[in-house]
Structure formats: structure tokens, C-alpha cells
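Keep in mind the model is a prediction, meaning the values are calculated, not measured. Chain naming here is simple, since letters A, B, ... match the order of the sequence lines and numbering starts at 1 in each.
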Number of protein chains: 2
Amino acid sequence: MSDRRANLHQVLRQRICLLDYAPGTRLSETDLAQEFGTSRTPLRRALARLEDEGLVRSLHGVGTIVTDIDLPEMDATYALREELAELAGILAPVPVSAKALATLDALIARGDTLRQGRDPRDFARLNLDYFLFGLSLTGNDALRETSERLYIRTARIWLHRLERLDLGEEIDIFLQEMHETRRALMIGDTRAAALIRRVHISMCRKRLLSGDLPG
Amino acid sequence: MSDRRANLHQVLRQRICLLDYAPGTRLSETDLAQEFGTSRTPLRRALARLEDEGLVRSLHGVGTIVTDIDLPEMDATYALREELAELAGILAPVPVSAKALATLDALIARGDTLRQGRDPRDFARLNLDYFLFGLSLTGNDALRETSERLYIRTARIWLHRLERLDLGEEIDIFLQEMHETRRALMIGDTRAAALIRRVHISMCRKRLLSGDLPG
DNA sequence: TCGCGCTGTGTTGTGCACAACTGTTCATCA
DNA sequence: TGATGAACAGTTGTGCACAACACAGCGCGA
């Protein structure tokens, strides 16, 4: 795929995941094409991919609409993400490298500065980068691709529900998890790092969704 | 998505998975459009989706080419599929219904007739339908979608490698697994059914890939 | 006043022509 | 003879015009 096209898709996806386009928003192909200085054709290619990812839905004669956040579906996705997180430490775990540790240190540093600014969007970006770092611990491509796909589907609700929680507290919990992960990786225990990640996702799921699920 | 468009995608995907289009085959947008009585535009939409699924790759000025089967990647995908198969019995298992048992019986019947005809393509279709039946045992949508996506990626190599094995023996093994699954479902043990499925995938992986993986 | 259909506006879907690009073939020249 | 490059055929990518469709608003009639 061309770089420009992949970029189009990524930019739109980020806007949806960062809630710049809230669920229910109608995206205009014409307007977006104009904004990106292109025609509708390549833009439609990007929207098509977003539709396959479940982030938008195109209806003939109506519009392209950002999908709603469906709580039961989000819960199911989180349940699966939990399991996949643990698998990252089991399927083809990659030996811990000095470079990986340096990357993690950089992420921790970003987390420290985050405690000052307390910007939810920055938090969301850091969360994504930390997630991608976690995926780098497995050599199983299929697992990486699958996990990322599922993450994209839950990123929105994470940010949306974050506003109901204590942002400072959430950042602290996040920092502690990164430190704990660092300790595990320092002694080369990739499996433990993956389990820490699973614990994190599980508690996130509880904090975000508890009390709002029907049944 | 329109039915016609979804259909286009499904037909092409099936052709690739059944090896009507072998890896390396160059697909002509113009020819395909003509065959389906449409223009290139909707056809390109279908090809785009196939590209996102990893079944084809479009190169500007060159063509749209059916991707090669990459053995290490297939192995990694199988490893993940194993785990997901077991998860189907753990995450939101669905109570066994009489209708589900009837469906399974119909599949077993198809397997019996397969022993006579011994057509690999029919075997492949039965394999897919049995796989989809297995997914119906979980209520977790994300798991279903993910598993199906991964299955699609391994369907080709399964059929390709099947020709090296004893087809009659493979059909017998397959029939035995379905019978075993039936016994598990008769006593309402969805979890056991999922484990049987995992065993099946694991042994399939070994039989198909053993001895050909580098390293 | 209510119901019905028409019409206007805006949206996505399709078809077509052309641009951009690649690989090949063949002629030309050192 | 080998190398080089220019022309060519064939492919995917892009832009644009129009078709197909949904919905809201309005007018008309019972």
C-alpha cells in the first residue's frame, strides 16, 4: 500500500480513537477529501478499511457514521485481549534486549511528565505506545496483528470512560505497572511481564465497565 | 455493506482458499470485473479487503498477486489458533442446544458421504463449515471474528498440504473428531468440545508442517 | 387536522477516462 | 557483441460525473 494512503487511514483512525470524531458523527467524504487535498477515491479506500475494522459504517444515501460503543461487545473484546496479553509471554517470547529496556525507560519518562500535564489525549497516546511495546515481546506476527486490531476497538471506550475516573490515580496506576514490567524484564522474565500486562487489562476492564453491563 | 459487494469478496476469497487461484497468480481487475458483470470500482473494493486480510497484494503498475504461503507465518498462526480454540470453551460458552446437535449430525453425515467421493475441495468446504460450527459454541463475538480471520489465513495451506497426506486417513481422523465432539456436547461439556478442537488443530499443525520449518 | 406523496437536497455507490507506474522488447550505438 | 535507453504494452491508482438512494420538508387533498 502507498504511504500516502496508509497515512490517510491512520490519521482518520487516530481521530476516531481519540474521540475527535465522537460515536455517531457523520463523516463527509467530500469534506475529508478536500481537507487532505485528494479526491474521494483514495479517501473511500481508507474509510473502507475503517469499516472493516468496525470503526465506521457506510450507509448508501445516508452517510459514513462513526460506530457506537457497544458495552457488551467491548467487554467481550476486553476478555479476549486479556487472554492474548498472557499469550504474548508464551508464544514465541522474544529475549529481552537492552534496546527494549531503553524504550520502556523512555515510556516511563513520558509517564512522569504526564503526571504534570494530565492531558487525557497524551495519556491515550502513551497507552498506545506502551501497548505496542508489549507486543514487541512476542515474535508471533499473527498474535501481534490480532492484538493490535482488538486494541483499536477498545481504545475509544478506554478514553471515553477515563473521564469518569480519577485521572491522576489512573496515571499513577499506569506508572506503577510500567515499573513492575521493568523489574520483570530486568531479570529476563518475559512471561511475568505478559502476566503483569494481563492483570492490568483485567483491572482496567473492571474499572471501566463495572456496573454498566446489562445482566 | 451491500450484498452484492460482500458476495464479490466472498467468491474471490473462496477461490483463493480453494487454490483455484494458486499463490503467485496475477488477478486482472478488468477481467474479473467483466466476469462479474460490473466495473472495476466495486471489484477493487473486494480486492482491497482481500489485501487487508493478507490474501493478495496489489502493486502499482504490476498487478494484484495472490500472496505466497509463508510457512513460519502459518505455523505462528496455527499456534494462535490452537489457543483461541480452547478459549471458545472458556469465554462465554453457549449452552448446547438440540439444534446445534442436529447441525453437527448433518456435518457428520456429510463426512460419511465424503468417504466415498474423496474430493479434497468438498473436504475443505466441510472443514470450513465444521469450523464455523465450533465457533457457534462461544458467545464472544470478538473471539468468533478473530478466529475466522485467522482460519482464512491457514485454509490454503491446509488444502495445499493435504495432497501430501493420505486423504482417506485424514477424512477418518476428521470423522472421529466430529464423533468425539458429539459425545462431549451430548453431555453438555462445551469446554471439552473446545479442547478436542484444540487437540485436532495441534495435530493438524504437526502433520502439515512438521519437517518443513526452518530452524 | 391528519395523512400521503412529491420534490429537493445531500449522501454513498458505480462507471469511465486518464494519470502513474513497471517490466519488456527492440533498436541503436560504442 | 554488449550495453543502453527509448518506446510500448499492460497494470493499478486517481479524479470526476452521474446513478442510486435516504430523508426531511412542504403542499395538497380528504
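A straight line from CG of B:Leu47 to P of C:dT14 spans 14 Å, rounded to a whole angstrom. Between A:His60 atom NE2 and D:dA22 atom C1' the separation is 9 Å, expressed in whole Å. Residue B:Arg26 contributes atom CZ, which lies 10 Å from atom P of D:dG10 at whole-angstrom precision. Computed from coordinates, the A:Leu59 CG to C:dT11 P distance equals 14 Å when rounded to whole Å. One can place CG of B:Asp31 at 14 Å from C1' of D:dT12, the figure rounded to the nearest angstrom. Distance B:Gln34 CD to D:dT11 P: 12 Å, rounded to the nearest Å. Whole-Å rounding puts the A:Arg57 CZ to C:dG13 P distance at 11 Å. Taking atom CG of residue A:Leu43 and atom C1' of nucleotide C:dG13, one finds them 14 Å apart after rounding to whole Å.
Partners of B:Phe131 by ring pair (Phe, Tyr, Trp, His ring centres under 6.0 Å), not counting sequence neighbours, listed by chain and number: B:Tyr151. A:Arg81 meets the salt bridge (Lys or Arg N to Asp or Glu O under 4.0 Å) test with no other residue; sequence neighbours excluded. Every residue two or more places apart in sequence or in another chain that forms a ring pair (Phe, Tyr, Trp, His ring centres under 6.0 Å) with A:Phe123 is listed here: A:Trp158, A:Phe174. The salt bridge (Lys or Arg N to Asp or Glu O under 4.0 Å) check on A:Arg40 picks up A:Glu29, with sequence neighbours excluded.
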Pairs: protein N or O with nucleotides 15-18 of chain C N or O, under 3.5 Å:
{"from": "C:dG15", "atom 1": "OP2", "to": "B:Thr38", "atom 2": "OG1", "distance (Å)": "2.9"}
{"from": "C:dG15", "atom 1": "OP2", "to": "B:Ser39", "atom 2": "N", "distance (Å)": "2.8"}
{"from": "C:dG15", "atom 1": "OP2", "to": "B:Ser39", "atom 2": "OG", "distance (Å)": "2.7"}
{"from": "C:dG15", "atom 1": "O5'", "to": "B:Ser39", "atom 2": "OG", "distance (Å)": "3.4"}
{"from": "C:dG15", "atom 1": "N7", "to": "B:Thr41", "atom 2": "OG1", "distance (Å)": "2.6"}

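For the pair B:Arg44 and D:dG13, the criterion of a side-chain N or O lying under 4.0 Å from OP1 or OP2 is met. Contact between the side-chain N/O atoms of A:Arg45 and the OP1/OP2 oxygens of D:dG13 is not found at any separation under 4.0 Å.
Residues A:Arg207 and A:Ile173 form a side-chain contact, since some pair of their non-hydrogen atoms from C-beta on lies under 4.5 Å apart. Side-chain contact between B:Glu53 and B:Arg153 is absent, with no heavy atoms from C-beta onward closer than 4.5 Å.
Within the nucleic acid shown, A:Leu27 comes within 4.0 Å of sugar-phosphate atoms alone, with no base atom in reach, counting heavy atoms only.
Residues from residues 61-68 of chain B lying near DNA chain C, meaning a heavy-atom separation below 4.0 Å, are B:Gly61, B:Val62 in numerical order.
No side-chain donor-acceptor contact under 3.5 Å links B:Ser202 and B:Tyr78.
For A:Glu35, the CD atom counts as densely surrounded, since its 6.0 Å shell holds more than 12 non-hydrogen atoms of other residues, nucleotides or ligands.
A distance-only check finds no donor-acceptor pair linking the side chain of B:Thr190 to the backbone of B:Gly89 [under 3.5 Å].
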